[in-house]
2 protein chains.
Amino acid sequence: MVQRQEPDGMDLVHLLRETTLRLDLAGARFAGRNGLHPTDLRALISLLDAARAGEESTPGRLGAHLGLNSAGTTALVDRLERLGLIRRVRDTRDRRRVLLEVDDRAIALGQSFFGPLIDRALALLATFDAGERAAVHRFLSGVRDAASADDEGA
Amino acid sequence: MVQRQEPDGMDLVHLLRETTLRLDLAGARFAGRNGLHPTDLRALISLLDAARAGEESTPGRLGAHLGLNSAGTTALVDRLERLGLIRRVRDTRDRRRVLLEVDDRAIALGQSFFGPLIDRALALLATFDAGERAAVHRFLSGVRDAASADDEGA
DNA sequence: GGCAAGTATCTCGTTGAGCGAGATATTAGG
DNA sequence: CCTAATATCTCGCTCAACGAGATACTTGCC
């Protein structure tokens with residue numbers, strides 16, 4: 001509410017932070033409404049992304065991606081399976097491995113969460129010209145890389 | 001890697017999601033490294049923001065902001081106080097209220113986390129002209145509002 | 001002044017996500 | 001086959017967060 005048309009750097013930094021916080025809260029709220037936990041939702045997103053990219057998902061990969069240990073990962077997969085969102089299928093090539101298959105129910109759930117958000121974002125972006133979209137892209141990529149750079153930090 | 005100069009809406013939506021995920025992970029990693037929980041870090045951010053804006057913080061406001069109930073909020077404030085990051089001070093005007101004061105230690109901690117990130121973001125933004133910064137601002141505001149709109153949802 | 005209602009915070013008992021350690025099953029190599 | 005490596009799961013535990021309700025203080029009404 002302070003900014004008119006000349007936002008400076010710090011304004012944008014704080015706006016970004018507030019935006020990510022709101023997105024997190026929206027996710028947590030949606031998760032609670034559907035009887036799952038924030039971690040469950042993040043796991044679902046990860047699984048749907050992997051499926052979209054044509055990659056196989058296993059408990060090991062999922063746990064590593066979310067920063068959980070093996071016990072926590074098993075509990076997570078148990079919850080998702082109990083909810084009927086995913087299925088465990090033994091890999092026939094390497095029978096130590098378990099592949100995680102997302103159910104259609106999970107896909108529908110993901111869309112019911114992201115759908116409205118995506119629609120609003122797309123409607124907004126439709127009012128942007130190519131240069132403006134490029135600016136947004138450049139900013140987000142930069143921030144993503146800056147956040148990732150901290151991973152090596154310690 | 002896929003984008004050159006004409007990112008479309010969906011590209012930006014996915015980029016935004018990946019960016020917020022990276023920021024979350026960076027936050028969780030930093031929190032773990034400093035012996036606190038993701039919630040503690042979020043609380044600290046909220047408190048530092050309020051202080052920056054010259055607003056008074058109370059357990060009630062903090063808990064509402066983070067979506068915690070009163071018991072969880074008390075436990076959170078206990079943790080932060082035990083760590084010496086904040087202090088509880090009774091409001092002399094309305095002695096039912098407790099004001100939360102952030103310690104210098106908390107400010108230093110916040111800067112050690114956000115400092116590098118902010119520096120990189122500011123360096124990036126320095127290469128943006130006014131129109132580009134306005135575009136970023138418009139996009140982030142829109143997404144923030146779209147995420148907040150879900151709050152009324154149920 | 002004193003009492004009822006309202007507001008802000010804290011306490012108690014419980015649940016459950018996630019951790020560390022280690023068990024189990026399967027594969028690969030000598 | 002026997003050992004090492006890999007993938008997943010089990011057990012026992014800790015602690016963040018919840019619901020319910022207690023406590024402390026303020027405000028308004030008589």
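In what follows, every chain begins at residue 1, and chains take the letters A, B, ... in the order their sequences are listed.
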So, [X] and [Y], do they make that salt bridge, N to O below 4.0 Å?
| X | Y | result |
| --- | --- | --- |
| E132(B) | R138(A) | yes |
| R105(A) | D103(A) | no |
| R22(B) | D145(A) | no |
| R61(B) | E55(B) | yes |
| R88(A) | E81(A) | yes |

(message) Reading DNA chain D in the 5' to 3' direction, which nucleotide is the first one with an atom under 4.0 Å from a heavy atom of chain B, and which is the last?
(response) dA16(D) to dT26(D)
By the 4.0 Å heavy-atom rule, please label [X] as base, sugar-phosphate, or nothing.
| X | value |
| --- | --- |
| D94(B) | sugar-phosphate |
| T58(B) | sugar-phosphate |
| G67(B) | sugar-phosphate |

Would you say [X] places a side-chain N or O within less than 4.0 Å of OP1 or OP2 belonging to [N]?
| X | N | value |
| --- | --- | --- |
| R79(A) | dA17(C) | yes |
| N69(A) | dG18(C) | no |
| R96(B) | dA5(C) | no |

(request) Over all heavy atoms of both residues, which pair between F30(A) and L109(A) is shortest? Give the atoms and the distance, please. (result) CZ-O, 3.7 Å
Give the rounded distance in Å between these two atoms: [atom1] of [X] and [atom2] of [N].
| X | N | atom1 | atom2 | answer |
| --- | --- | --- | --- | --- |
| L83(A) | dG16(C) | CG | P | 13 Å |
| R95(A) | dT24(C) | CZ | P | 18 Å |
| R90(B) | dA8(C) | CZ | P | 12 Å |
| R61(B) | dT9(C) | CZ | P | 10 Å |
| R97(B) | dT9(C) | CZ | C1' | 12 Å |

(request) Using a cut-off of 6.0 Å, state whether more than 12 heavy atoms not belonging to H14(A) lie near its atom NE2. (result) yes
(message) Can you pull out the residues from residues 35-53 of chain B that lie within a 4.0 Å heavy-atom distance of DNA chain D?
(response) H37(B), T39(B)
(message) Donor-acceptor pair, distance only, cut-off 3.5 Å: does the side chain of D40(A) make one with the backbone of L36(A)?
(response) no
(message) Under a 3.5 Å distance rule, please check whether R90(B) uses its side chain to pair with a backbone N or O of R96(B) as donor and acceptor.
(response) yes
(message) With heavy-atom distances below 4.5 Å as the criterion, would you say the side chains of V77(B) and L62(B) are in contact?
(response) yes
(request) State, with a plain yes or no, whether a side-chain heavy atom of L66(B) is found less than 4.5 Å away from one of L76(B). (result) yes
Would you tabulate the nitrogen or oxygen pairs shorter than 3.5 Å linking the protein to nucleotides 11-15 of chain C?
none

